[in-house]
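The structure appears below as structure tokens.
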Amino acid sequence: MFSSAFNNTTINAATSDILMDVELNDFVEMVFNQMATAKNICRKLYIYFVKGNITPEVETDIITPLAQLLYNSNYELAPTVRKLLESQHFYDLDDSNAADETIGAIIKSPLQQVSEICTYLQATIPDPTTDPLNFYNQFWHKFVHETFLSGSNMILFDPENVAGHLAYYQAPEFDRSWISSSTLIARYRLGESLLDGVNRISGNANTAAKINISAVIQNGGLISDASDPVALTTELCNAIFAQNPDAERIAYFMNSFLLQGSVNYYWTDAWNTYLSSANNSVVEPRLKLLLSKLLSAPESQIF
């Protein structure tokens, strides 16, 4: 007989091979028949998708109803995850309390970081079918796996222990485990490496992948008016950062790295010259510097 935590359930001990399956099934049914089990699963979903800090209010208003839905759905995860991701709470629209933000509350995993940068900035990556050596060996193995992921403490399929990566289970740090003095170089130099096509994290080898930033800004559909330095910087900040920065922060990036002390029309003229002549000797280094600073900014490490 089990304790009152399991409603004093009695499970009969198996006396044959066949009854062993019955005993195991009874045990599983007993565990999943507890609301505590559903709540535990929902807490893990909340930590993974929203943030690591579960307040008493969140426990009451979010975890408990989600657990009831999960229990009533016979532990089918999809309805519960959908409910969470469609909630006002997930989008931080349920109150005006700036002290309990959910947007920008999680530090990106290294895998999320590299995939987002390559996708949003449309990195040119070797085709695994027609150029497998450069894709699997030079880009994926040598740069992504052995340099970036290794340097940022996320070796795929090889976590620290059987529990997985610390960020997904170790309270109270959770996702903050991704940031340490030993991981910052890899995280901060990832964008620079992909923009240069050179491993700036370690060794300066060819990454076999590159973000051709002038062409991406021109043809990638990311910016409404790339000739306008304010629009260009603002839209890049809004896309890369978890939350839209204020005008002062945007001006800092624009003036320090895009304009570099020049007036706005200098960039407009330089961009129009690039469009008419395909000469990117002015715009390319400035765009690379701007993007590398945006991608290494603290705001870009969270989502």
Side-chain angles (χ1 to χ4, degrees), residues 103-104 108 112-127 130-131 134 139 143 148 187-201 204-303:
I103 305 298
K108 297 174 184 177
Q112 180 178 354
Q113 192 182 16
V114 68
S115 63
E116 283 187 1
I117 292 174
C118 287
T119 300
Y120 175 66
L121 294 175
Q122 303 170 28
T124 301
I125 299 173
D127 189 294
T130 60
D131 193 6
N134 274 321
F139 171 64
F143 175 65
F148 173 65
R187 294 182 70 97
Y188 282 4
R189 291 185 178 173
L190 172 63
E192 182 183 353
S193 298
L194 291 169
L195 286 161
D196 288 345
V198 175
N199 185 350
R200 300 303 187 191
I201 301 170
N204 293 320
N206 185 352
T207 63
K210 188 177 187 300
I211 297 168
N212 299 300
I213 192 60
S214 300
V216 170
I217 296 299
Q218 178 186 358
N219 303 313
L222 307 183
I223 307 300
S224 60
D225 182 5
S227 68
D228 180 350
V230 177
L232 172 64
T233 310
T234 300
E235 291 170 27
L236 285 174
C237 285
N238 292 347
I240 293 171
F241 295 166
Q243 296 177 314
N244 295 351
D246 59 27
E248 184 179 357
R249 186 66 167 156
I250 292 171
Y252 162 73
F253 284 108
M254 179 183 73
N255 292 323
S256 300
F257 309 116
L258 186 69
L259 297 180
Q260 299 177 24
S262 302
V263 292
N264 287 19
Y265 65 77
Y266 174 85
W267 172 259
T268 302
D269 290 345
W271 183 256
N272 289 332
T273 298
Y274 161 66
L275 294 182
S276 62
S277 67
N279 183 346
N280 67 356
S281 60
V282 174
V283 300
E284 179 80 5
R286 290 171 182 254
L287 285 172
K288 286 171 65 174
L289 181 60
L290 173 64
L291 265 298
S292 67
K293 296 301 182 181
L294 293 179
L295 294 174
S296 63
E299 298 97 320
S300 74
Q301 307 297 314
I302 57 178
F303 73 99

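Owing to the predicted nature of the structure, the values given are computational and were not obtained by experimental measurement.
Distance check: N199 CG to F139 CZ gives 11.5 Å after rounding to the nearest 0.5 Å. Note that CD1 of I125 is 8.0 Å distant from CG of L194, once rounded to the nearest 0.5 Å. Considering SG of C237 and CG of L290, their distance stands at 7.0 Å, rounded to 0.5 Å. In this structure, W271 CH2 and S214 OG are separated by 6.0 Å, a value rounded to the nearest 0.5 Å.
In this structure, R286 has no salt bridge (Lys or Arg N to Asp or Glu O under 4.0 Å) partners at least two apart in sequence or on a different chain. In this structure, K293 has no salt bridge (Lys or Arg N to Asp or Glu O under 4.0 Å) partners at least two apart in sequence or on a different chain.
A donor-acceptor pair shorter than 3.5 Å cannot be found between the side chains of S296 and E192.
Across every non-hydrogen atom of L190 and V114, the tightest pair is CD2-CA, 3.8 Å. Pairing each heavy atom of S227 with each of W267, the nearest pair is O-CD1, 3.5 Å. In terms of heavy-atom proximity, R187 sits nearest to K108 at NH2-O, 2.9 Å. When all heavy atoms are compared, the tightest approach of E235 to Y120 is O-OH, 4.3 Å. Of all heavy-atom pairs between A297 and R249, the closest is CB-NH2, 4.2 Å. Across all their heavy atoms, T268 and P229 have their closest contact at OG1-CD, 4.0 Å.
Panel note: side chain N212, backbone A215; no donor-acceptor pair is recorded below 3.5 Å. Side chain of S256 to main chain of F253: no donor-acceptor pair is present (N/O by atom type, distance under 3.5 Å, no hydrogens or angles). Remark: side-chain polar atoms of Q260 are paired, donor with acceptor, to backbone N or O of F257 under 3.5 angstrom. When atom types are taken as modelled, the side chain of T233 and the backbone of I250 share no donor-acceptor pair closer than 3.5 angstrom.
Put simply, the side chain of T273 does not reach to within 4.5 Å of the side chain of V283, judged on heavy atoms. Inter-residue side-chain proximity for I213 and N280 is flagged as unmet; no heavy-atom pair is nearer than 4.5 Å. In this structure, I211 and D196 have side chains that are not in contact, with every pair of non-hydrogen atoms separated by 4.5 Å or more.
For the side-chain contact (heavy atoms from CB on, under 4.5 Å) test with I223, the passing option among D228, I217, V216 is I217; the others fail.
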